[in-house]
Amino acid sequence: MTADRITLKGLRFRGRHGVLPAERELGQEFVIDVTLFLDTRPAADSDEVTQTVHYGELALDLAKVVEGEPVNLIETLAERLAEVCLASELVQAAEVTVHKPAAPIPLAFDDVAVTILRSRS
């Protein structure tokens, strides 16, 4: 796996994910971080966006997943987001973190997050 990375941090989308009926009905904010592992040399050599991952388009595709069909677990959401990241053949691996800062926990907390790392098999 290459050491080159493209990272998007703090993408904020509203989704209706969770096991509680109120989470599905009212929705809440989810914060997404993704790191793509890929060889950026072809893009650097050509100076062409077609030789890399267009992070603006990727952000829109990630938004569709978070804002789309609800799932119970943020683990499932992270898996679906990783699939989007790996859709580009240029991407060797993807690390995805799903933050759920408004998780229904009856105690003070800063964040709840799940991080997964997926690669091409």
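Below, all heavy atoms of this structure are taken into account, side chains as well, without hydrogens, waters or symmetry copies. Keep in mind that this is a model prediction, so the values were computed, not measured.
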Worksheet item: Which value, rounded to the nearest 0.5 Å, describes the distance between Q28 atom CD and R14 atom CZ?
Response: 7.5 Å
Discussion item. Strictly by salt bridge (Lys or Arg N to Asp or Glu O under 4.0 Å), give each pair with a member in residues 81-91 just once, sequence neighbours left out.
Written reply: none
Solution key, residues 50-76 side-chain donor-acceptor pairs under 3.5 Å, sequence neighbours excluded:
unit_1 : atom_1 : unit_2 : atom_2 : d
H54    : ND1    : G56    : N      : 3.2
H54    : ND1    : E57    : N      : 3.1
N72    : OD1    : R24    : NH2    : 2.6

Fill in: Least distance between heavy atoms, A82 atom then R118 atom
CB-CG, 3.9 Å
Worksheet entry | Cluster overlap V114 with I105, hydrophobic side-chain contacts below 4.5 Å | yes
Worksheet item: Given the rule that I, L, V, M, F, W and Y join up when any side-chain heavy atoms are under 4.5 Å apart, are L20 and V112 in one cluster?
Response: no
Donor-acceptor pairs under 3.5 Å, side chain of residues 36-46 to any protein atom, not counting sequence neighbours: which ones?
unit_1 : atom_1 : unit_2 : atom_2 : d
D39    : OD1    : R41    : N      : 3.0
D39    : OD1    : R41    : NE     : 2.9
D39    : OD2    : R41    : NE     : 3.4
D39    : OD2    : R41    : NH2    : 2.8
T40    : OG1    : D4     : OD2    : 3.0
S46    : OG     : P42    : O      : 3.0
S46    : OG     : E48    : N      : 3.2

Discussion item. Is any side-chain heavy atom of V31 closer than 4.5 Å to one of E29?
Written reply: yes
Worksheet entry | Those residues that, when tested against E95, pass salt bridge (charged side-chain N to carboxylate O under 4.0 Å, His left out) (two or more places apart) | none
Worksheet item: Quick check: does any side chain N or O of E25 sit under 3.5 Å from a backbone N or O of P21, one acting as donor and the other as acceptor?
Response: no
Item to complete: Sequence neighbours left out, what passes ring pair (Phe, Tyr, Trp, His ring centres under 6.0 Å) with H99? Give chain and number order.
Response: none
Practice prompt. Scan for ring-ring contact (aromatic ring centres under 6.0 Å, His included) pairs involving residues 6-25, sequence neighbours excluded, and state none if there are none.
Written response: H17-F30
Item to complete: Find out whether I32 and T97 are in side-chain contact, i.e. whether some heavy atom of one side chain is under 4.5 Å from a heavy atom of the other.
Response: no
Worksheet item: Where do C85 and V96 come nearest, in terms of heavy atoms and distance?
Response: SG-CG2, 4.3 Å
